[in-house]
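A short worksheet on the structure shown next.
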Amino acid sequence: MIWSSTVNRYGTLPQMRAADQDAVQGRGLLLVDAVADRWGYDVMGSVSQPWGKRVWAELTVTP
């Protein structure tokens with residue numbers, strides 16, 4: 001099992017979106033969803049004072 005995560009200080013929650021063919025952003029979660037067994041996010045900080053989020057993914061590896 002591989003577990004990976006990244007943290008940022010943006011207040012927006014992650015959401016999959018359709019990126020235009022020429023777009024330079026908007027494909028991250030599509031790629032994560034394609035290769036991960038499961039993924040999600042956690043809001044960092046408290047409910048009343050969130051300061052960012054952690055997006056995580058789990059991938060099963062077979063030898």
Side-chain angles (χ1 to χ4, degrees):
M1 174 82 57
I2 295 174
W3 193 84
S4 178
S5 68
T6 186
V7 174
N8 68 39
R9 293 187 173 270
Y10 299 114
T12 57
L13 297 179
Q15 59 182 344
M16 286 202 283
R17 53 188 164 162
D20 292 334
Q21 185 175 358
D22 297 331
V24 295
Q25 295 179 328
R27 294 181 183 82
L29 284 180
L30 292 173
L31 292 171
V32 169
D33 189 61
V35 300
D37 295 305
R38 64 186 205 127
W39 66 268
Y41 67 90
D42 304 306
V43 175
M44 306 301 285
S46 66
V47 174
S48 62
Q49 291 187 326
W51 58 261
K53 64 186 171 292
R54 172 179 47 221
V55 179
W56 55 267
E58 292 180 357
L59 296 87
T60 302
V61 178
T62 54

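Please read all numbers here as calculations on a predicted model, not as lab measurements.
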Inter-residue atom distance [X].[atom1] - [Y].[atom2], 0.5 Å rounding:
X: M44; Y: D42; atom1: CE; atom2: CG; result: 7.0 Å
X: I2; Y: E58; atom1: CD1; atom2: CD; result: 11.0 Å
X: W56; Y: Y41; atom1: CH2; atom2: OH; result: 11.5 Å
X: R17; Y: R27; atom1: CZ; atom2: CZ; result: 10.0 Å

Check [X] against [Y] and note the closest heavy-atom contact, atom names and distance.
X: Y10; Y: K53; result: O-NZ, 3.4 Å
X: A36; Y: L59; result: CA-CG, 4.0 Å
X: Q25; Y: A19; result: O-CB, 3.6 Å

Chi angles and distances behind the side-chain contact (heavy atoms from CB on, under 4.5 Å) call for V32, M16: CA-CA 10 Å; V32 169; M16 286 202 283; over 6 Å; no
Stepwise side-chain contact (heavy atoms from CB on, under 4.5 Å) check, N8 with V55: CA-CA 9 Å; N8 68 39; V55 179; 5.8 Å; no
